[in-house]
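Remember, it's 1-based here, ligands and their atoms both numbered in the order they're listed. Only heavy atoms go into these numbers, but all of them, side chains included; no hydrogens, no water, no symmetry mates. All values derive from a computational prediction rather than experimental measurement.
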Amino acid sequence: MKETVLVTGGAGYIGSHACKALARAGFLPVSVDNLTHGHEWAVKWGPLVKGDIHDSGLLGQVFETFKPVAVLHFAAFAYVGESVVDPGKYYWNNVAGTVSLLEAMRRYRCSRIVFSSTCATYGIPEAVPIPEGHVQRPINPYGRSKLMIEDILRDFHDAYGLRYASLRYFNAAGADPDGEIGEDHEPETHLIPLVIRAALGYLPFVEIFGTDYPTPDGTAVRDYIHVTDLAEVHVLALQHLLEGRENVCLNLGTGRGHSVLEVIRAVEEAAVQPVPFRKTQRRAGDPPVLVAGSVQATERLGWQPRFTDLRSIVKTALLWHSGRILLNKEKVQG
Ligand code: UDP
C-alpha cells in the first residue's frame, strides 16, 4: 500500500506540483486546502479535503482517516505588500495556522514535516550568493511569519522530537512541463506571468520596478527556480527525514541571478513578441539582488535541478499561460 503524505496547500501553485512529484515517487498525496488562493482543478494526484489548518477537528479526522507518514506544509499567505498593511492576517494564518497543524501532528504522532520557507527570511542580504548560515533579519511581516515558523520547528524538535526540513525558496517560476498544472494567482503580482501577459497582449505593458539598482543593467536581480525542480526537492527532503536523518534548512535556487530586463528579453525570445514596458519607481521592500548559495541541497539531498536556464523556465510558463488565457477567453465568450 502507498504511504500517504498530508500536503497543506496542495491546491496551490507549488503544493500542486509537489503532489505530482510525490505521486511519481510512489506516495499518495492528501491535500488539505481552504481554496482561498488554491484551485480545485490543481488537485489531481490524490484526495482533496476542503478546509482550514486552524480547524483541529478537521485535521484530526484527516490524520485518523489517512494516517500520513509526514506533512508537506505549503498553506500560507505570501503577498509581501499585503503583509505590511495587514500583518494580523499573516501572523494568524501562517504562524497560528502552523501551530494548529503541529499540535495535530503531535496528537497523532506524525513527527516529520517539510516546511515551505523563503529567502524573504534573510531580509537585505549582506553577502550574495546568500549562504544558509547568513543572518536572518526579515524586513516585512511575511518574512517574519516564516522565520517565526522556522524557530517554532526548532523548538518542537527540542521539546517533542519533531523532524523538519525548512526549505527557503528563492523565486519559484515556470509550470509543469507536461502542461497539467501551473501558476494561477489572483491577484497576480509576479514578474514572469505579468511579462507573459504583456507579451501576449493581455496587459498593455509591464512595469519595471526600479532601474537605478546597483546591478549591471540597473534592474533588480532574482534567482528563478523551476517549480518542478522545487517540487522534487520536497520529495528528497521527505525521503531524507523518513530515513531518520538530520533536520535541514536549505536554500533552493539555481545560484544564478537574472535581472528584470533579462526576464523581459527571455520572454520576448520565447514568445517571438516584443514586450511593452514602462520604467517606474522601486517597489518598497525589494532588495536589489537575491541569489541562492544552494550547494547544501545538492550535497545533503543529492538534488540536481533539471531546468537550469532561464529560457527553459520561461518556455514552460509561456506554454501554460497561453493555454489559460485561451481557456478563459473561451469561457468569457461562451
Ligand atoms: N517586478 C517588476 N515588475 C512587476 C513585478 C515584479 O519589476 O510587475 C520585479 C520586482 O521588483 C522583483 C522581481 O521583479 O525585483 C521579481 O518580483 P516577483 O514579484 O516576481 O518576486 P519577488 O522577488 O518579489 O518574490
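Annotation: cation-pi geometry not satisfied between Arg282 and Phe209 (NZ/CZ under 6.0 angstrom from ring centroid, within 45° of ring axis).
Aromatic ring pairs are classed by plane angle as parallel below 30°, tilted from 30° to 60° and perpendicular above 60°; the pair Phe170 and Tyr122 is tilted.
Between Glu82 and Lys89, at least one side-chain N (NZ, or NE/NH1/NH2) sits under 4.0 Å from a carboxylate O, which counts as a salt bridge.
Each of Asn171, Val263, Val291, Ile192 was scored for a side-chain contact (heavy atoms from CB on, under 4.5 Å) with Arg222, with one residue passing: Asn171.
The side-chain hydrogen bond (donor to acceptor under 3.5 Å, both in side chains) test applied to Glu269 returns Arg311, not counting sequence neighbours.
For a heavy-atom separation below 4.0 Å, the residues in contact with ligand 1 are Asn171, Thr189, His190, Leu191, Leu194, Glu207, Ile208, Phe209, Ala220, Arg222, Tyr224, Val260, Arg283, Asp286.
Without hydrogens or angle criteria, Trp320 side chain to Gly174 main chain gives no donor-acceptor distance under 3.5 Å.
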